[in-house]
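Predicted, not measured: the structure shown is a model, and the values here were computed from it. Computed over heavy atoms, backbone and side chain alike; hydrogens, waters and symmetry mates excluded.
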There are 2 protein chains.
Amino acid sequence: MAMRKKRTNDPEGMRRRVLDVADDSFQARGYHASSLGDLMAAAGVTGGALHHHFPTKKALALAVIEERVAAAVRETWIDPVLAAPSAREGVRVVFEAVAAELERQGYVRGCPLNNLAHELSLADDEFRSALARIFANWRQAIADKMRADQPDGGADPERFAALVVAAYSGAMSMAKTAQDAGVLRACLRGLESFEPSPSQGRLTAKRRRRVLSRAKIG
Amino acid sequence: MAMRKKRTNDPEGMRRRVLDVADDSFQARGYHASSLGDLMAAAGVTGGALHHHFPTKKALALAVIEERVAAAVRETWIDPVLAAPSAREGVRVVFEAVAAELERQGYVRGCPLNNLAHELSLADDEFRSALARIFANWRQAIADKMRADQPDGGADPERFAALVVAAYSGAMSMAKTAQDAGVLRACLRGLESFEPSPSQGRLTAKRRRRVLSRAKIG
DNA sequence: TTATAAACAGACCGGTTGTCCTGTTTTGTC
DNA sequence: GACAAAACAGGACAACCGGTCTGTTTATAA
């Protein structure tokens, strides 16, 4: 006797499951190398259901970008930086946290935002602008935090933010290609060794000494 | 009367033409989004000829990486840095030359090495190691130049090189996504603003002139 | 000239891709 | 319960992909 098969509609849950699998596959294999058939199988979803929530592959990718990638940047970068005592300290915390996490899991998948940005920016303008917006928010959060640190301005906040995001993105790119997170720490230290360390009372002399001696320590 | 059709075997020329088209398409559309059919049509090459020189698509991509991408890094980065009076000056020259070139042509395709690195590093280990080698040579050239500048050491050469390559890679990533080369200059200035900036007196004007003429030649 | 291999031409094929389409079931509303 | 809309199932399909195969032409060397 055949089992009575019952179905429970769970549109939000199904949408979430599809998004989970798509995000994971896009990051691991890329957009073009991820087939909808693979995603359907991995998510346990039929073609009809997938098509109901995401009419096209592009729509699915756009949802991944706007919901998952943006959230990833927010959670691993924006929130920690805002919660840190200063922008510079926040940057340090994030770099080291990411490096530690990568070394823990033993492989490097790269930055979610950069991964998709490289493959999709030139392919479609909707992709491009969605990804550009995330980059802009990322930089602005760091620049705003830096402005809050010292309202009368030390280094230029926009330049600093651009450099930080660029250094991180590029370091992750190298780490992914070499499958070695060490370059992340090298970049962080390179970033720190240059700090002008603005007016902070008696800490200044100490820091300067550290910078000079660091060269000999190597 | 049908024209007498003559054929001239030109294996090197045909190989070069295929490589040209493949490199261009891989950069503009990516590896997976480039079909061999498109490449054949664009290069005016038949399937038999293509298969004769490159048995598989992977072999073609590997040749593009090792011959074209590596050459691009050498020509736009390694050679100019080695020719510059110092590593820092070389970095400045390259950043500004690339920014100027991008603004001249009106769009940003991104860094050839990073473009392929993101799409192919996780896909295949041969791709990955070939790309990693180019990254390593790039960094080492900068580090070596820096060591030659002041043998008794200033900042740590490896850290500095890693930071420079990362900042450039990430800046190009953002520039590509935003389709705006401005962030390249922002990162360069961010990089420079941290420099201890050793005595530069009246040499500055002279250096700047050399930089400008190089950009026109390049 | 002749043999021999490299260089090239072009058709062919199995498998995959993204999308569309027609039904069926569940859910919400009156 | 009636009814409409949403949620889901699953097959069909045309286009395309990368690789292979057979055959022909050109260059090379004996």
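- Annotation: salt bridge (charged side-chain N to carboxylate O under 4.0 Å, His left out) contacts of A:D38 (sequence neighbours excluded): none.
- Shown for residues 116-126 of chain B: no residue has heavy atoms falling under 4.0 angstrom of DNA chain D.
- The side-chain hydrogen bond (donor to acceptor under 3.5 Å, both in side chains) search around A:R147 returns A:D144, A:E158, not counting sequence neighbours.
- Sorted by first then second residue, the ring pair (Phe, Tyr, Trp, His ring centres under 6.0 Å) pairs that include residues 42-62 of chain B, not counting sequence neighbours, number zero.
- Contacts of B:D124 classified as side-chain hydrogen bond (donor to acceptor under 3.5 Å, both in side chains), with partners at least two apart in sequence or in another chain: B:K58.
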Every protein N/O lying under 3.5 Å from an N/O of nucleotides 11-17 of chain D:
from: D:dC17; atom 1: OP1; to: B:S35; atom 2: OG; distance (Å): 3.3

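- Taking the salt bridge (charged side-chain N to carboxylate O under 4.0 Å, His left out) definition, one finds that A:D23 meets it with nothing, sequence neighbours left out.
- Applying the side-chain hydrogen bond (donor to acceptor under 3.5 Å, both in side chains) test to A:R185 and every residue at least two apart in sequence or in another chain returns A:E103.
- The shortest distance between the side-chain N/O atoms of A:H52 and the OP1/OP2 oxygens of D:dA7 is below 4.0 Å.
- Residues satisfying the side-chain hydrogen bond (donor to acceptor under 3.5 Å, both in side chains) test with B:Q27, not counting sequence neighbours, are B:N115.
- B:S169 places a side-chain N or O within 3.5 Å of a backbone atom of B:V165 that can act as its donor or acceptor partner.
- Near DNA chain C, meaning a heavy atom under 4.0 Å from it, residues 9-23 of chain B has B:N9, B:D10, B:P11, B:M14 in order of number.
- Residue pairs satisfying the side chain to side chain donor-acceptor pair (under 3.5 Å) criterion with at least one member in residues 130-141 of chain B, sequence neighbours excluded, are absent.
- Contact annotation: A:H53 side-chain N/O to D:dC8 OP1/OP2 distance is under 4.0 Å.
- Contacts of residues 59-67 of chain B with DNA chain C (heavy atom under 4.0 Å): none.
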